[in-house]
Each structure stands twice: as C-alpha cells, then as structure tokens.
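First the structure, in the form of structure tokens, and then the observations on it.
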2 protein chains.
Amino acid sequence: MSLDYKDKKVIGIGIMSELTGLSERQIRYYEERKLVFPERSKGGTRKYSFADVERLVDIANKMEDGMQTFEIRKQEMKKSDVRDKMLRGQLNAAFKMRK
Amino acid sequence: MSLDYKDKKVIGIGIMSELTGLSERQIRYYEERKLVFPERSKGGTRKYSFADVERLVDIANKMEDGMQTFEIRKQEMKKSDVRDKMLRGQLNAAFKMRK
DNA sequence: CGTGTAAGGAATTCTGACACG
DNA sequence: CGTGTAAGGAATTCTGACACG
C-alpha cells in the first residue's frame with residue numbers, strides 16, 4: 001500500500017552521489033538533459049528516490065559504453081512509449097471482453 | 001539481494017520531520033533517549049532509513065498514549081530480546097537435527 | 001520530562017560561468 | 001559534449017543553553 005519507499009523522493013544530492021559514484025556535477029547535468037527528474041524542497045534543494053538511484057546507475061553504464069545523453073533519452077522515451085502502448089492494448093482487450 | 005532500501009540510511013532530518021510529522025527537536029531528543037540510531041555523514045549530519053521512519057511514527061503514537069521515553073525503550077529492548085531468544089532457539093533446534 | 005526557541009557556526013546545496021576539448 | 005572547478009549566496013543542520021512546567 002502507498003507508493004512504496006522506492007518512489008519516495010527523499011534522498012539529497014550528496015548521498016545520491018555516494019550511492020551512484022557519480023559527481024554532483026554529473027547528476028545535475030543529467031537532469032539538465034532530461035534524464036532524471038528530482039523533486040525540490042521549499043528551499044530549492046533536490047530530492048531523489050531509490051528508483052532514481054537505479055536510473056542513474058543505468059545511465060552511468062550507458063555513458064561508459066560511449067552513449068550520448070540524447071541517445072539515452074531517446075531510448076528512455078521509447079521504453080515508456082512501449083509501456084503506454086501495452087497498457088492501451090490491455091485496456092482495449094479488457095474492454096472488448098466486457099461486451 | 002543487498003540490504004534492501006528499507007534499511008539504507010539516506011534520509012536527512014528535515015525530510016524525516018516531514019515524513020513523520022515530528023519536529024526536528026523531538027527527533028533529536030528521541031535519539032538522546034536511545035530510541036533511534038541514525039548514521040552520520042562525514043560532516044556530522046544525521047541520516048535515517050525508512051525503517052527509522054516507521055519506528056519514529058510508532059514512537060510518536062506511544063508518546064501520544066502518554067507513554068514515557070524510558071518505557072518505550074524498555075519495550076523495544078524486550079522485543080529484540082524475544083527475537084534473540086527465538087533466533088537462538090532455532091539455531092539450537094537446527095543443530096540438534098544435524099546430529 | 002518533553003519540547004520550543006534564539007544563537008552562532010559549520011556543512012550542504014544552488015546557480016551561472018569559465019575552462020578544456 | 002560532458003565534466004571539473006572557483007565564487008558567492010542561500011538553505012539545512014548541529015550543538016549547548018535557557019525556558020516552561
């Protein structure tokens with residue numbers, strides 16, 4: 001029940017840096033390139049989730065493989081696109097079965 | 001695999017305060033009374049886990065019921081004591097079965 | 001006993017920019 | 001393009017203490 005801890009945005013950039021091995025500079029840059037989307041505290045401080053930790057580790061690996069940020073973003077977008085289509089497909093199937 | 005997110009100490013006291021509804025003063029005081037055990041960053045800043053969030057909410061409830069910090073600590077100690085005994089009992093049983 | 005608060009300082013984080021390449 | 005760094009400022013956190021009760 002509830003969003004489960006994994007998606008709660010509660011991690012500061014300092015700890016995020018420790019957990020991923022990335023520099024704060026890199027983490028902020030990947031945000032600029034639309035690869036991660038932290039929340040902000042009232043004061044403007046960044047807050048990440050454990051899901052973001054996984055995402056950043058993933059990004060770090062792709063960067064090591066020589067991939068560029070815009071390619072990674074394209075790939076991510078494709079993923080959620082596929083998920084959207086699958087979801088729509090399932091809803092559709094369920095709807096048909098209803099009648 | 002790994003300690004799972006629940007026990008990773010990654011939450012600052014500010015967010016902890018938001019998540020539990022307790023003031024930072026209260027959270028620090030419960031630490032002084034040995035009810036929570038945050039880790040510290042190099043700089044000395046406190047870091048909590050989601051398990052700590054649950055623990056603090058639990059403590060908050062007991063405080064509302066008029067319980068005092070030392071009673072809560074006693075209760076907690078009894079709990080881990082029971083767990084220890086059960087664990088020892090199981091190890092013992094397993095050992096006997098071996099021979 | 002449990003908690004609020006003002007106080008002074010230290011640690012953390014933020015943004016925009018220059019640098020290299 | 002991706003990342004390091006120095007710069008100045010703002011937000012966050014820390015401790016010890018006084019207050020009330």
Side-chain angles (χ1 to χ4, degrees), chain A residues 8-77, chain B residues 8-77:
Chain A
K8 272 270 183 190
K9 305 274 190 176
V10 299
I11 304 174
I13 195 167
I15 303 188
M16 189 49 132
S17 174
E18 290 179 11
L19 294 179
T20 61
L22 294 167
S23 69
E24 301 188 6
R25 179 68 164 99
Q26 290 175 304
I27 298 175
R28 293 198 189 97
Y29 180 66
Y30 297 153
E31 174 182 0
E32 187 182 321
R33 303 314 310 277
K34 309 289 182 192
L35 295 179
V36 271
F37 309 93
E39 287 181 1
R40 298 281 184 142
S41 70
K42 308 87 236 280
T45 210
R46 269 167 271 249
K47 297 304 167 194
Y48 303 86
S49 67
F50 279 109
D52 290 332
V53 175
E54 296 185 5
R55 176 186 289 261
L56 277 172
V57 169
D58 208 66
I59 291 171
N61 288 142
K62 289 174 180 164
M63 290 300 285
E64 272 183 42
D65 293 347
M67 210 177 300
Q68 286 185 300
T69 58
F70 84 95
E71 301 180 274
I72 299 179
R73 182 169 59 254
K74 236 191 307 178
Q75 202 178 73
E76 295 295 316
M77 287 174 63
Chain B
K8 271 269 182 192
K9 306 273 190 176
V10 299
I11 305 175
I13 196 169
I15 303 188
M16 189 48 133
S17 174
E18 291 179 10
L19 294 179
T20 61
L22 293 168
S23 70
E24 300 186 8
R25 179 67 166 102
Q26 289 175 304
I27 298 175
R28 294 198 190 97
Y29 180 66
Y30 297 153
E31 173 180 2
E32 187 182 320
R33 303 313 311 277
K34 310 289 181 192
L35 296 178
V36 271
F37 310 92
E39 288 181 2
R40 298 280 185 144
S41 70
K42 309 85 235 279
T45 211
R46 268 167 271 249
K47 296 304 167 191
Y48 303 87
S49 66
F50 279 111
D52 291 330
V53 174
E54 294 184 6
R55 176 185 288 260
L56 277 171
V57 168
D58 208 64
I59 292 171
N61 289 142
K62 288 174 181 164
M63 289 299 285
E64 271 182 44
D65 294 347
M67 211 175 300
Q68 286 185 299
T69 58
F70 83 94
E71 302 180 273
I72 298 178
R73 181 169 59 252
K74 234 191 312 177
Q75 203 178 74
E76 295 294 316
M77 287 173 60

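Screening B:Lys8, B:Lys9, B:Lys42 against A:Glu18 for a salt bridge (charged side-chain N to carboxylate O under 4.0 Å, His left out) leaves a single residue, B:Lys42.
Using a 4.0 Å heavy-atom criterion, one finds that A:Tyr30 contacts the sugar-phosphate atoms exclusively.
Separating the CD atom of B:Glu24 from the C1' atom of C:dG4 is a distance of 13 Å, rounded to the nearest angstrom. If you measure from atom CG of A:Asp65 to atom P of D:dG2, you get 14 Å, rounded to the nearest angstrom. Rounded to whole Å, atom C1' of D:dT12 lies 14 Å from atom CZ of B:Arg40. Nucleotide D:dG2 holds its P atom 16 Å from the CD1 atom of A:Ile27, rounded to whole Å. Distance A:Leu56 CG to D:dT3 C1': 15 Å, rounded to the nearest Å. A straight line from CD of A:Gln68 to C1' of D:dG2 spans 9 Å, rounded to a whole angstrom. Rounding to whole angstrom units, CD1 of residue A:Ile13 and C1' of D:dT3 are separated by 13 Å. One atom, CD of B:Glu64, and another, P of C:dT3, lie 11 Å apart when rounded to the nearest Å.
Considering only side-chain N and O atoms, A:Tyr29 lies under 4.0 angstrom from the phosphate OP1 or OP2 of D:dG2. The side chain of A:Thr45 contributes no N or O atom lying less than 4.0 Å from OP1 or OP2 of C:dT12. Between D:dT13 and B:Arg46, no contact under 4.0 Å exists linking OP1 or OP2 to a side-chain N or O.
Using the Watson-Crick or G-U wobble rule with both distances under 3.5 Å, D:dG16 pairs with nothing in any strand shown.
Between B:Tyr30 and B:Ile72 there is no side-chain heavy-atom pair separated by less than 4.5 Å. Taking the side chain as every heavy atom from C-beta outward, A:Met77 and A:Arg73 approach each other to under 4.5 Å.
Comparing A:Gly43 and A:Phe70 against DNA chain D, the residue whose closest nucleotide sits nearer the 5' end is A:Phe70. With DNA chain C read from its 5' end, the first of the two nearest nucleotides for B:Lys47 and B:Gln26 is the one closest to B:Gln26. Heavy-atom nearest nucleotides on DNA chain C were determined for B:Lys42 and for B:Arg25, and the one closer to the 5' end corresponds to B:Arg25.
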With side chain to side chain contact (heavy atoms under 4.5 Å, CB included) as the test, would you mind laying out the steps for B:Thr69 and B:Met63 before giving the verdict?
-> CA-CA 8 Å; B:Thr69 58; B:Met63 289 299 285; 4.2 Å; yes

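The pair B:Glu32-B:Arg28 does not count as a salt bridge, with every side-chain nitrogen at least 4.0 angstrom from each carboxylate oxygen.
Side-chain to base pairing of A:Arg28 with C:dT15: no donor and acceptor N or O lie closer than 3.5 Å to each other.
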